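One structure is given here, and the rest of the page talks about it.
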Amino acid sequence: MRGRPDGPGAADLLRRLEAGRSSGVTHVERIGARTARTAPWPGWVPAALRDAYSFEPWEHQAAAAELAHAGRHVVVATGTASGKSLAYQMPALSRLLDDPRATVLYLSPTKALAADQLRAVARLGLDEVRPATYDGDTPREEREWIRRHSRFVLTNPDMLHHSLLPGHAKWAVFLRRLAYVVIDECHAYRGVFGSHVAHVLRRLRRLAAQYGGDPTFVLASATSGDPAGAASRLTGLPVTAVTEDASPRGAVTFALWEPPLLPQEDPDLPPTRRSALSETADLLTDAVVGGTRTLAFIRSRRGAEVVATMARRSLDEAVPGLGDRVAAYRAGYLKEDRRKIERALLSGELLALASTNALELGVDLVGLDAVLICGYPGTRASLWQQAGRAGRDGGEALAVLVARDDPLDTYLVHHPEAIFGRTVEATVLDPTNPYVLGPQLCCAAAESALRPADLELFGGDPARAAVEGLTAAGALRKRPSGWYWTHPGRPDVDLRGTGGGPVSVVESSTGRLLGTVDEGSSHVMLHTGAAYLHQGVTYVVDELDLEDAVALVHAANPDWSTHARDITDVSVVAVRERMDAGPVSLFLGEVDVTNQVVSYQRRRIGSGEVIDTRPLDLPARQLRTVAVWFTITLEALHTAGVDPPDIPGALHAAEHAAIGLLPLIATCDRWDIGGLSTANHQDTESPTVFVYDGHPGGAGFAERAYATATAWLGATREAIASCACETGCPSCVQSPKCGNGNNPLDKARAVHVLDTVLTALP
Ligand SMILES: [Zn+2]
Ligand SMILES: [Zn+2]
């Protein structure tokens with residue numbers, strides 16, 4: 001899709017969006033256009049390949065290709081639509097044409113992207129390459145042909161882990177001849193999933209080496225901080241980064257937008273802002289009325305549905321039938337439905353989409369006139385990735401970040417330097433996470449006995465300690481030649497770390513599968529009685545069957561929404577690091593978190609009035625993870641004006657804001673982390689605030705928080721103190737995921753608590 005040079009300019013569009021409403025613009029940043037810099041085709045590229053493309057490469061594509069051709073592992077980390085695929089196609093396909101025996105393995109985080117790449121390679125018409133996707137959908141009868149004949153196999157880490165590596169003997173020839181491993185969208189491999197994939201790649205390297213293969217790794221990443229370091233942690237190899245983007249880009253006007261305060265009806269209640277969802281739906285409506293092709297990114301699946309529904313409704317009021325040109329798009333839709341929607345936007349049949357995050361979208365969806373980002377997506381890297389869908393060439397495009405009523409979003413729209421003045425975050429992953437390392441070593445041993453020399457590849461000392469632990473526990477057996485997996489069957493290891501497959505949402509009356517929800521969110525989203533939104537239709541859950549991973553639902557039109565309530569308990573398992581600073585102590589360590597969804601509230605849509613609270617009977621879930629926590633003495637709290645009756649509210653408010661601001665310094669979002677505050681914790685015997693990683697074994701977020709505690713808690717204090725509200729609001733200390741209904745909260749004393757901590761810490 002191309003930007004239309006004759007379309008409305010971004011400045012005009014922004015003015016039009018501001019017209020007739022109280023403008024929420026807090027900052028406008030203009031990002032200039034960039035002109036293309038091309039490079040000649042390297043001399044080693046065969047003429048057949050050069051001729052298959054009809055253009056010259058850009059400088060960064062040629063630079064990355066040269067490194068890969070020379071056998072150097074390389075990561076190309078440039079913006080959306082900067083043609084990263086040519087950077088690996090050039091060396092990989094050249095090699096396949098020059099050496100009729102060589103093979104290439106391509107990995108992508110989604111099947112959709114692999115299918116897209118397959119089409120791109122097939123279009124080149126290079127018969128001898130025989131590209132093929134190999135994933136869960138590949139029919140059995142085709143698998144054999146692919147193993148024997150395909151020289152460019154496109155798959156994903158899950159398939160590598162579950163099928164290709166365990167069945168490596170059948171792939172022996174392919175692995176021996178493996179010239180390149182391509183890892184596309186490698187920034188997707190972060191957190192616990194990233195740590196698993198890091199080991200899957202080490203398992204691949206070990207087996208390839210056993211068959212005599214020694215592939216060069218070529219990685220493609222969105223713009224990220226320290227791409228070489230992240231790629232190196234992911235592959236375990238030294239990797240050179242190419243980051244200078246030489247592709248052309250149209251100018252983008254980037255506006256930060258804060259929804260207005262609502263008229264205050266009851267002076268005793270805290271002031272509230274218009275919701276980011278309503279604001280985004282209105283902006284989307286106005287954009288579509290003006291014929292602007294627009295993509296709105298919404299954080300939650302439910303939110304994407306809500307925005308699409310609201311926009312469709314107001315468009316139909318303006319011009320009957322116009323509502324049909326807007327659709328929702330999200331994970332959990334069936335594949336056919338998603339492809340259909342993508343095609344409709346490409347053909348122009350649809351003018352706008354309200355979508356969940358960028359990774360799910362087809363790579364072709366670029367060059368749009370406007371991108372609306374409803375709520376900060378958690379990292380600057382994803383913010384730029386989403387904004388990058390706007391304005392490819394020629395035309396001037398608009399990106400708008402609409403702030404949610406939340407401390408981080410509010411902080412950012414008033415501190416543009418925290419967005420525009422900084423480099424993007426590094427991708428965090430931790431291959432030494434024991435919850436990843438142990439199971440992965442079992443998988444490796446099941447594929448081929450682990451030799452002592454292999455342990456270096458899997459991380460050295462932590463791997464040696466893990467193997468000893470696994471041997472003592474009877475998972476592995478030590479023999480003179482190494483460690484063996486001697487159990488029947490293979491180790492049961494899930495890379496996505498969700499602890500169970502997705503839950504299917506099925507319509508009771510028809511048996512129709514509507515979609516799926518990941519297991520981790522199912523207790524909150526699909527508990528019995530929950531209102532569940534799908535393509536604009538509200539369903540009510542009749543029954544959540546955890547055994548069969550099915551939620552049975554029926555279509556309904558209730559005038560209420562549901563909100564799950566939960567209880568959480570934290571116990572300290574081990575302290576890794578601590579810092580004592582007078583009355584304040586800061587800790588990093590392992591904790592056990594027990595969480596149980598116990599009830600839900602039904603609230604009237606519109607007024608938010610609580611209709612009733614109903615109990616639920618769901619099992620508790622336990623999580624062993626890493627947390628950062630601080631304690632303060634009662635005396636210091638008293639000196640700061642926080643006396644015992646005020647302590648729970650002050651700590652609770654500080655905890656909420658601290659969780660909200662952590663994404664400022666770590667590549668997580670607030671849904672990846674949790675917290676607990678208590679006036680007297682059983683393990684610390686002091687007033688304590690815990691903030692923990694929501695992933696088994698931790699994903700590196702708590703470590704970041706501990707290492708940058710002063711910056712993190714300083715921004716937290718600033719966010720609370722500068723909020724204009726009287727007693728606390730969602731922009732500062734209220735939390736959308738509070739299991740206690742945001743009670744008690746003491747905004748003013750939370751600032752005193754944080755002042756005490758910040759004064760004490762060095
Ligand atoms: Zn506030
Ligand atoms: Zn809370």
Side-chain angles (χ1 to χ4, degrees), residues 24 26 258-262 264 266-276 375-376 403-415 524 563-570 591 593-601 610 613 623 627-630 646-664 669-681 687-692 694 715-755:
T26 58
E258 184 174 47
L261 283 169
L262 291 171
Q264 205 166 349
D266 182 346
D268 291 336
L269 290 177
T272 45
R273 287 192 184 278
R274 194 149 187 262
S275 85
Y376 182 61
R404 278 173 309 171
D405 210 356
D406 142 308
L408 180 59
D409 284 34
T410 307
Y411 179 88
L412 290 172
V413 292
H414 292 288
H415 294 81
V524 169
H563 303 262
R565 309 286 297 266
D566 60 5
I567 48 173
T568 299
D569 188 37
V570 173
V591 296
V593 179
T594 312
N595 176 271
Q596 188 171 21
V597 175
V598 290
S599 63
Y600 67 101
Q601 282 187 337
V610 176
T613 302
L623 172 75
V628 57
W629 65 96
F630 63 79
D646 313 318
I647 294 176
L651 295 182
H652 191 200
E655 171 219 320
H656 279 184
I659 291 172
L661 269 292
L662 184 57
L664 191 64
D669 72 46
R670 75 184 298 160
W671 302 93
D672 283 331
I673 43 189
L676 178 83
S677 54
T678 163
N680 186 10
H681 189 265
T688 310
V689 173
F690 289 91
V691 173
Y692 57 84
T716 304
R717 185 222 174 265
E718 154 76 11
I720 304 174
S722 65
C723 188
C725 73
E726 195 87 14
T727 56
C729 71
S731 295
C732 55
V733 298
Q734 291 182 2
S735 162
K737 54 178 282 199
C738 182
N740 282 321
N742 283 302
N743 187 41
L745 289 177
D746 187 333
K747 176 186 171 183
R749 290 190 178 84
V751 175
H752 299 167
V753 166
L754 290 165
D755 279 337

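In each ligand, atom 1 is the first atom listed, and ligand 1 is the first ligand listed. Quick caveat: nothing in here was measured; it's all calculated off a predicted structure.
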For this session: Output all residues satisfying ring-ring contact (aromatic ring centres under 6.0 Å, His included) with His414, sequence neighbours left out; order by chain, then residue number.
Result: none
Exercise. Between His656 and His652, what is the ring plane arrangement, given parallel below 30°, perpendicular above 60°, and tilted in between?
Worked result: perpendicular
Exercise. In a check of side chain to side chain contact (heavy atoms under 4.5 Å, CB included) between Ile567 and each of Val598, Val597, Thr594, which one passes?
Worked result: Val598
Exercise. Excluding waters, which protein N, O or S atoms are within less than 2.8 Å of the Zn ion (ligand 1)?
Worked result: Cys723 SG, Cys725 SG, Cys729 SG, Cys732 SG
Problem set entry | Qualifying residue, where the test is side chain to side chain contact (heavy atoms under 4.5 Å, CB included) with Tyr692 and the options are Val628, Thr568, Ile673 | Thr568
Exercise. Checking Arg273 side chain against Pro259 main chain: does a donor-acceptor pair fall under 3.5 Å?
Worked result: yes
For this session: Verify, without hydrogens or angle tests, whether Ser731 (side chain) and Thr410 (backbone) share a donor-acceptor contact under 3.5 angstrom.
Result: no
Problem set entry | Cut-off under 2.8 Å, centre the Zn ion (ligand 2), protein N/O/S atoms | His652 NE2, His656 NE2, Cys738 SG
For this session: Kindly state each residue pair satisfying salt bridge (charged side-chain N to carboxylate O under 4.0 Å, His left out) with at least one member in residues 646-661, sequence neighbours excluded.
Result: Asp646-Arg749
Exercise. Is the side chain of Lys747 donor-acceptor paired with the backbone N or O of Cys732 at a distance under 3.5 Å, no angle test?
Worked result: no
Exercise. Taking Asp746 for the side chain and Gly649 for the main chain, is one N or O donor matched with an acceptor at less than 3.5 Å?
Worked result: no
